[in-house]
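Data first, discussion second: the structure below is written as C-alpha cells.
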Amino acid sequence: MTTTTPQTSGAEQAQAVPQVTLTIDDVEVSVPKGTLVIRAAEQIGIAIPRFCDHPLLQPVGACRQCLVEVATPDREGTVRPMPKPQASCTLEATPGMVVRTQRTSAVADKAQHGNLELLLINHPLDCPTCDKGGECPLQNQTMSNGPGRSRFHDVKRTFPKPIAISTQILLDRDRCVLCQRCTRFSEEIAGDPFIDLQQRGVRQQIGVFDPAVLGFAGAAPAEVYRGVQPDGTPVDASIGVPARDAAGPAGDAALDTSGRPFASYFSGNTVQICPVGALTSAAYRFRARPFDLVSTPGIAEHDSNGAAIRVDHRRGVVLRRLAGDDPAVNEEWISDKDRFAYTWQGMPDRLTVPLVRDRGEDGTPGELRPASWAEALETAAEGLAAARGAGGVGVLPGGRLTLEDAYAYAKFARVTLGTNDVDHRARPHSAEEEAFLAHHVAGSRMSVTFADLENAPTTLLVAYEPEDEGGIAFLRLRKGVLAHRNRVFSVAPFASRGLERLDGTLLQAAPGTEAEVLDALAAGAPGALGEAADALGADAIILVGERLATVPGGLTAVLGLARRTGARLAWIPRRAGERGGVEVGTLPALLPGGRLVTDAQARVDVAASWDVERLPAQAGRSADEMIAAAADGTLGGLVVGGLDPADLADPALARTALEKVGFLVSLEVRESAVTRLADVVLPVAPPVERPGTFLNWEGRPRPFPQALTSTAMADHRVLDALADTMGAGLGLGTLAQVHAEIDGLGAWDGERAPAPTVPAAQPPAVGEGQAVLATWHLLLDDGRCQDGERFLAGTAQRPVARLSAATAAGLGLSTGEGLTVRTDAGQVTLPLAVTPMPDGVVWLPTSSVGSAVRATLRVDAGAVVSVSAAAHVNEGEAL
Amino acid sequence: MADKDITRRESAGEVGAGEQPHRYESLIEPKKGLGELLAPVAGFGVTLSSMFKPTVTEQYPFEKVPTKPRFHGRHQLNRYPDGLEKCIGCELCAWACPADAIYVEGADNTPDAQFSPGERYGRVYQINYLRCIFCGLCIEACPTRALTMTNEYELAGPSRRGMIYEKSDLLAPMGEGMLAAPHPMVPGTQDTDYYRGNVSGPVPEQVDWVAQWRPEDSTLPSARRAPATPPAADSPHGAHGQVERTPAEASEATR
C-alpha cells in the first residue's frame with residue numbers, strides 16, 4: 001500500500017499546515033491537520049487492516065475492517081473513550097486523540113475479527129479457482145489474522161457468475177465485499193459511469209444497470225447520473241436506449257449506471273485495486289498464480305506519457321501488466337492500452353533471424369530468405385554504400401524508439417551515411433512544426449510536468465485530445481479539475497467525451513481555423529473566447545498536440561498566444577519516441593540537444609564529440625520529402641525503423657516509394673508492410689526484451705530494464721554493427737556507451753532556433769454535399785501495437801462518423817444511419833452520430849476498423865471531402 | 001626467538017581440554033573361563049543361527065511385493081464418476097511443493113470443451129520425478145482431491161525428459177462407466193454437487209453430447225451400459241435458491 005504526499009499547491013505550502021499530535025498504540029506522532037488516523041498509523045509503521053481504503057480515493061468507510069478504539073479529550077481535557085470502535089480510514093486525527101489499534105486493544109482486535117467473519121459469511125471461498133488467490137488482501141488477512149473456522153453453517157448466497165462488464169472486465173458478485181473501490185475509481189478518477197451498489201442487506205450487490213433492480217421498471221424515466229447522448233440529448237431521455245449505442249464499445253458490454261453499454265479506457269485499474277477477486281480481466285483469467293510470475297518494472301511503450309508499469313512474466317511469456325506506482329507521473333493508474341496491449345511483442349510473426357532478398361542478374365527482386373547476421377550486415381552495407389552514391393540514403397526511424405535508439409539513428413545518418421535526411425515523424429507533419437520543435441521543445445526538459453497539469457488553474461488544449469492521445473495526462477487534468485476547480489478549454493471541432501468529463505469549455509474551431517481561433521483569443525472577445533482569454537494568465541498551461549502540425553500557422557499562433565499571455569506551453573505527441581527523437585536529433589535540421597544543423601558552431605561541437613571531421617551542413621529532407629524523392633527515384637536508399645506506411649500522410653505514395661527505392665533496409669520487431677518490401681530485414685528487440693529509456697512528453701527520462709531473457713538486439717546495437725560493417729564504427733554497442741556519449745555532449749548553450757512565422761491559411765471553401773474533414777486517432781484503434789488482444793479490442797469505441805445536426809438534416813440523415821465520406825481516392829462508410837459541431841465539418845476516426853482515413857481517402861484533417869447518405873449499410877455497420 | 005621457548009601444550013590448543021586426557025577403558029566386563037576361550041569364534045554363532053531363520057530377501061524384480069497401502073508412489077489425477085477431471089488447475093500443489101517439481105497452467109472451461117466441473121481446469125500438468133521427493137504435501141494441498149498418490153514406485157527412465165510426466169501420463173484410467181472428457185456437466189448441477197459426491201455417473205445427455213461430437217469415442221459403449229443415475233435427491237439445488245433470484249438474475253440466466 002502506498003502513502004501519498006499531502007496534496008499541497010504553492011500557496012498552501014507557504015503557510016505551514018498546522019500539526020496535530022496524537023497517540024497511537026502509546027506512540028506519540030505529529031501529523032498535518034486533516035490527516036486520517038489510518039495514515040498517521042502508517043507513518044509510525046503500524047498497519048491497520050483495510051479493504052476499502054485507498055490513498056488516491058476519497059475515504060468512504062465501506063468495509064469497516066479498519067476499526068480501532070479511539071478516545072478524545074472533551075472540553076475539560078479529560079480523555080474520554082468513544083463508545084464503539086471507529087473506522088480509522090474516515091477519522092481525521094485531532095489533538096490529544098488516543099488511538100489503540102488491534103496491537104494494543106482487545107476491543108479493536110475483536111471488532112476486526114468479527115468484521116472479517118462477517119465479510120466471509122457470503123464469500124464463496126473459491127480461492128483455488130479465483131485469479132486473486134495468492135495476492136488477495138482478503139485471503140492474506142484471513143490467513144494471518146482471521147478466525148480459524150466459521151460459525152456460519154447455512155447455505156451461502158450465490159449469484160450467477162461471472163457478469164461480463166465488457167469483453168475485458170468480468171464481475172463475480174459473490175466474491176465482492178462491497179468496498180466500492182471500483183465505483184469510486186470510476187467516479188473520482190476516470191469519470192466513466194460504471195456499476196454501482198444496488199439493493200440492501202444480504203442482497204446488496206455491485207451491479208450493472210438494470211431497471212428492475214433499480215426499481216423503476218415501468219415507472220417514469222428515473223434520474224440517471226451523468227452525461228449526454230452522442231447527439232447532444234441529455235441522458236435522462238436515454239432510458240431504454242438501444243443496446244448498441246452509436247458510439248458505444250465495439251464488443252458486447254453490460255449497461256452501466258447511465259443505461260448505456262459500459263465503455264472506459266481505464267477499467268483495467270479497477271481489476272488491480274479490487275481487494276478481492278470480484279473484478280478480473282478476461283486476458284489474465286485463470287492464466288497464472290503470483291508465485292509463478294517474475295515481475296520486472298517497465299515503462300508503457302504506447303504513448304508519450306511514459307507510465308510506470310510492472311511486467312509479470314513466466315517462462316519467457318508476458319502474462320499481464322500492472323500499473324506501477326510513480327506519484328510524479330502516472331500515480332497508480334494506467335490506461336487499458338498500457339495494461340492489456342502487450343501481446344504484439346510475442347506474436348508468431350516476430351522476426352528472429354535476419355532476412356535478405358536476392359536480386360537476379362537483371363535486378364528483379366526475388367524472395368526474402370533467412371540469412372546469417374554476418375551476411376545480412378554485409379549485404380546491407382554494400383547496398384547502402386551503393387545507394388549512397390546513387391542519390392543518397394534517407395533514414396525513417398519511426399516514432400516509437402527509445403532515446404538510445406533514436407540517438408543511434410541520428411548519429412548513423414550523419415556519420416555513416418553522411419546525410420541529414422533523417423526524420424522520425426511517421427505522421428502528417430510540416431516544416432513549421434520542425435521549426436517549432438527546434439525553437440520550443442528541443443533542449444527544454446521538464447518545463448511543464450504532470451504536477452503542473454494538476455495545479456494550473458487554467459489549461460488550454462489545442463488540437464489535442466488528452467484521453468484519446470495518451471490517457472494519463474487526462475487523468476491528471478481531471479484530478480486538478482475535481483480537486484482545485486481548475487478550468488480546461490479546448491480548441492476542437494466538438495466536445496469529446498473526454499472534454500465533457502473534464503467539465504471543459506469548447507472553443508469551437510473547424511479544422512484549419514485553429515490559428516484563427518487562437519489569434520482571436522483576446523480579452524473582450526465574445527462568449528467562451530473572452531472567458532478563455534481572461535483565464536489564460538502566467539500560471540496557465542497550453543497543451544498542443546501533434547495534429548496542429550497540419551494546420552498552417554497553427555503552431556505560430558500558439559507560440560504567439562503563449563508570448564501574449566505568459567502561459568507555459570507544452571507539446572504532447574502521441575508516440576513514445578517522439579520527444580526523445582526531438583532531443584537527440586532525429587530531425588532533418590536538428591542535431592542532439594537542440595543544436596541546429598545550420599549553426600556551424602553547433603556542428604563543430606557535435607563533430608568533435610563524435611570524432612569526425614565535419615558533419616553535413618545542409619539541412620536534410622523531411623519524411624514526406626524523402627518519400628517523394630524515393631518515389632521519383634532521386635533517393636538511392638532508405639533505412640526504415642518501426643514505422644507503418646499507413647501512418648504517413650500519403651500511405652499509397654509511401655508504398656510506391658518503398659517499392660521503387662533502390663535499396664531498402666528495415667529494422668523491425670515483426671513482419672510488416674516495410675519488411676515485405678525490404679532488401680535486408682534486421683530483426684530488433686521489442687521493449688520487453690531490451691533495456692532502454694523513453695523520454696516522455698515532459699522531457700523526463702523513463703528508464704526501464706529488460707524483462708525477458710532474449711538474444712534479440714536493440715536498434716542501437718544493430719546500427720552499431722551495421723556501421724562497423726560499413727567501415728565507420730559508431731561506438732554505440734552498449735547502453736553505457738550511448739549514455740556516456742549523450743552525457744558527454746551535454747546541453748547546448750548556444751543559439752536556439754528562431755520561432756516559426758507562418759501565416760494562417762484561408763479555410764477552404766465548402767460546396768454543396770461537401771464538408772471539411774476533422775480526424776484524430778482513438779486510443780484503441782486498428783494500430784499494430786494492439787494486435788492479438790481481442791478482449792481489449794472489444795472495449796474500443798465503435799467507429800462512427802460525426803456531423804452537425806444541420807448538416808445531417810441537409811443530407812436527410814439522423815443518428816445511426818450510414819454516412820459515406822468520399823474523395824477521388826476512395827470512400828469510408830460509417831454509422832452517423834449527430835454531434836453539436838460546426839456545420840460543414842465531418843469527423844472520422846483516423847485509423848479504426850473500417851475507417852482508415854489516410855489509406856482510403858488519401859487526405860488528412862482540413863481537406864474538403866464529399867459526404868452523402870450511404871447507398872446501403874453493411875450488416876455489421878447497421879445499428 | 002629460540003625454538004626451545006616453544007612448548008607444545010598437552011591439550012593441543014583445544015578449548016576446555018583437561019590437562020590429563022582420559023585413557024580408554026572398556027565398560028564391558030571381560031569374559032572369563034570357557035567364554036574367554038570361545039570368544040574369538042563367538043561371532044559365527046549369529047551366522048549359524050540365521051541359517052535356520054526364514055529369508056527376508058525380496059526377489060525384485062522377479063517377484064513384486066505389494067507396498068504398504070499408504071506408500072507414497074507416483075501421483076494420479078483423479079476423475080469424477082462421470083469422467084470429468086477433478087483438477088481445476090489452481091496450482092496449489094505447485095505452490096505447496098518444496099522441491100518445485102510441479103508445473104500447472106490453468107485455463108477456461110468452455111461449453112465446447114468442458115474438462116472439469118466449474119469454470120477452470122488444468123490445461124498443463126507436469127510433475128518432474130527427478131525433483132519429486134514424494135513428501136505428499138501436494139496431496140494435502142489439493143482442494144478437490146484431484147491429486148492422490150498411487151503405490152507405483154517404479155519411477156526410473158533413461159532420459160531426463162521422460163521423467164517429466166505430463167497430464168496424459170498422470171490422469172487416472174477411465175473406470176467402468178466413465179465417459180471421457182471433455183463433455184458438459186450433468187445438467188442442473190454445479191461444481192459443488194460434484195464435490196459433494198452427488199454425481200454418480202454419466203447421464204444420457206452427456207452420452208448423447210459425446211456421441212454427437214465424438215462418435216468414435218472409445219468410452220461411449222461403457223458409458224451407455226452404465227445405469228443412468230440422476231443426481232441424488234438431496235442435492236442442494238433448492239439451497240441455492242435460498243436467496244431467491246432477483247429478476248435481474250433470472251434474466252441473466254435466460255439470456
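Residue numbers start from 1 in every chain, and the chains themselves are labelled A, B, ... in the order their sequence lines are given, proteins ahead of strands.
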Original post:
Is the number of heavy atoms from other residues, nucleotides or ligands within 6.0 Å of CZ (B:R214) greater than 12?
Top reply: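 Enclosed.
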**OP:** Check B:I88 against A:T129 and note the closest heavy-atom contact, atom names and distance.
**Re:**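 Closest approach of B:I88 to A:T129: CD1-CG2, 3.7 Å.
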**OP:** Check A:P128 against B:C90 and note the closest heavy-atom contact, atom names and distance.
**Re:**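 Here A:P128 and B:C90 meet closest at O-CB, 2.8 Å.
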Original post:
Quick one: what part of B:Y121 sits under 4.5 Å from any heavy atom of chain A, side chain, backbone, both or neither?
Top reply: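 Neither; nothing under 4.5 Å.
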Original post:
Do A:D126 and B:R120 meet the salt-bridge criterion of a basic N to acidic O distance under 4.0 Å?
Top reply: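 Answer for the salt bridge query: no.
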**OP:** Starting at CG of A:L170, measure out to CD of B:E119 and round the result to the nearest 0.5 Å.
**Re:**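 It comes to 9.0 Å.
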Subject >> pair B:D108-A:R287: side-chain heavy atoms closer than 4.5 Å >> reply: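 Yes, at least one pair of side-chain atoms sits under 4.5 Å.
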Original post:
Just wondering, do B:E91 and A:F291 contact through their side chains at under 4.5 Å, heavy atoms?
Top reply: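 The answer is yes; the side chains approach within 4.5 Å.
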**OP:** Tell me, out of A:C127, A:C130, A:G134, who's got the most heavy-atom pairs with chain B below 4.5 Å.
**Re:**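 Among the listed options, the one with the most contacts to chain B is A:G134.
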Original post:
Under 6.0 Å from the six-membered ring centre of B:Y103 and within 45° of its axis: does the NZ or CZ of A:R315 meet both?
Top reply: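 Yes, a cation-pi geometry.
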